[in-house]
Amino acid sequence: MGVNLKDLIPEDAKIIIENMRSLKGKVIAIDAYNALYQFLAAIRQPDGTPLMDSQGRITSHLSGLFYRTINLVEEGLKIVYVFDGKPPELKARELERRRALKEESARKYEAAVEAGDLEAARRYAMMASKLTDEMVKEAKKLLDALGVPYVQAPAEGEAQAAYLVKKGDAYASASQDYDSLLFGSPRLIRNLTISGKRKLPRREEYIEVKPEMIELNTLLSKLNLTLENLVDIGILVGTDYNPEGFEGIGVKKAYQLVKTYGSIEKIPKALLKSSVEVDVLEIKKYFLQPPVTDSYKIEWREPDEKLVFEILVNEHDFSEDRVKNALERFTKAYKENIKGVQTGLGKWFAKPS
DNA sequence: GGTCAGAT
DNA sequence: ATCTGACCA
């Protein structure tokens with residue numbers, strides 16, 4: 001779920017990316033869990049059935065990962081995925097909340113199928129989606145075959161992605177969630193896709209969605225806040241580490257409280273009612289100093305087309321023609337946009353193939 | 001979510 | 001050239 005800062009971000013703190021070319025050559029650290037989960041939830045038939053191979057294994061996440069990665073590389077972006085590690089103990093309640101929600105959704109899905117309500121079936125199937133360890137493993141395998149790098153975070157992927165951007169190893173983090181901003185990412189890109197039509201939930205309407213970038217510094221100065229203030233606001237409205245937030249506090253009140261008292265610690269306890277015990281300081285510390293690692297290498301390699309074929313076509317029944325065509329585009333894009341412009345000695349010593 | 005082909 | 005909708009696995 002992540003922290004909901006949507007209504008806190010002023011329109012003029014968003015940079016709408018009208019043309020992907022403006023990101024050409026930039027390293028973008030994509031929150032892998034966030035991307036895979038969205039593919040898994042969205043790539044389904046009208047009745048909610050996901051794409052599956054002949055052995056009944058779900059392939060929606062692989063389809064999304066494959067085609068979107070190719071599109072982004074074709075636009076000249078240097079993609080690196082960041083995978084979650086072990087979730088912190090602080091997240092236990094949120095994980096339990098999600099598990100319960102999925103269980104509930106699975107029940108509602110069955111009921112909707114029973115009632116023949118396709119629309120509801122699809123909605124609940126989406127909500128019931130569970131990204132398994134096996135799916136994550138398969139995704140990493142595909143990335144290895146494509147020569148697209150990924151970083152394994154020790155804990156939260158969003159924190160590691162933010163760290164890559166802070167260090168300058170990536171230009172921006174990409175996720176639908178705002179958490180990487182709280183983890184201090186200097187730039188966050190949301191809606192990072194090429195084809196920008198999205199169906200509004202519960203409506204027969206489509207809206208055009210364009211990628212948008214939020215710069216942390218711009219955001220903080222527009223709101224006249226420090227990063228610590230922003231973290232405090234996040235905690236007041238609720239984060240993965242205190243999903244309940246505080247009673248009656250949304251972004252508006254949270255902003256006022258932080259502005260009035262200077263920090264969450266100084267807000268009178270009487271104003272902060274919560275159904276559960278919340279260790280505010282621990283959460284705050286987690287956002288400001290999350291576990292991250294320096295042991296990663298971000299290098300793009302030429303795709304191993306045979307291996308990609310083996311995985312997608314032979315193992316998972318993707319159409320040979322489609323994969324072939326997509327790989328052709330990808331290899332061409334790799335050569336033009338990544339290989340040709342990679343710095344360092346690598347290219348001089350690259351093995352002839 | 002993304003592709004592809006047919007319609008406009 | 002852009003849009004629509006069926007299909008993808």
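Just so it is clear: chains get the letters A, B, ... in the order the sequence lines come, proteins before strands, and each one is counted from 1.
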Atom CG of Leu65(A) and atom P of dA9(C): how far apart are they, to the nearest Å?
15 Å
Please give, in whole Å, the distance from dC8(C) P to Leu312(A) CG?
16 Å
cation_pi(Arg68(A), Phe39(A)) dist<6.0 Å, angle<=45:
no
For atom CE of Met135(A) and atom P of dA9(C), their distance in whole Å
17 Å
Short of 4.0 Å, heavy atom to strand atom, which residues of residues 47-64 of chain A count as contacting DNA chain C?
Pro50(A), Leu51(A), Met52(A), Thr59(A)
Cation-pi between Lys339(A) and Trp300(A): NZ/CZ under 6.0 Å from ring centre and within 45° of the ring axis?
no
Nucleotide dG1(B), atom C1' - distance to CG of Asn34(A) in whole Å:
13 Å
Side chains of Ser263(A) and Glu228(A): any donor to acceptor distance under 3.5 Å?
no
Tell me whether the rings of Tyr37(A) and Tyr33(A) are parallel (<30°), tilted (30 to 60°) or perpendicular (>60°).
parallel
May I ask you to evaluate whether Arg122(A) reaches the phosphate of dG1(B), defined as a side-chain N or O under 4.0 Å from OP1 or OP2?
no
When the distance from NZ of Lys324(A) to C1' of dC4(B) is rounded to whole Å, what number comes out?
17 Å
Any idea how Phe183(A) and Phe287(A) line up, ring-wise: parallel (<30°), tilted (30 to 60°), or perpendicular (>60°)?
tilted
Scan side-chain atoms only and decide if Tyr81(A) and Asp31(A) contain a donor-acceptor pair under the 3.5 Å cut-off.
no
Any ion pair linking Glu315(A) and Arg57(A) (charged N to carboxylate O, less than 4.0 Å)?
no
Report the nucleotide, chosen from dG2(B), dA9(C), dT3(B), that has the shortest atom-to-atom distance to any side-chain atom of Ser319(A).
dA9(C)
Rounded interatomic separation in angstrom, taking CG from Asn325(A) and P from dC7(C)
20 Å
Using atom CD of Gln45(A) as one end and atom C1' of dT3(B) as the other, report the distance to the nearest whole Å.
16 Å
Among dT3(B), dG1(B), dA9(C), which nucleotide sits nearest the side chain of Ala42(A)?
dG1(B)
Separation of atom CZ in Arg322(A) from atom C1' in dA6(C), rounded to whole Å:
10 Å
Distance check: side-chain N/O of Asn71(A) vs OP1/OP2 of dG1(B), anything under 4.0 Å?
no
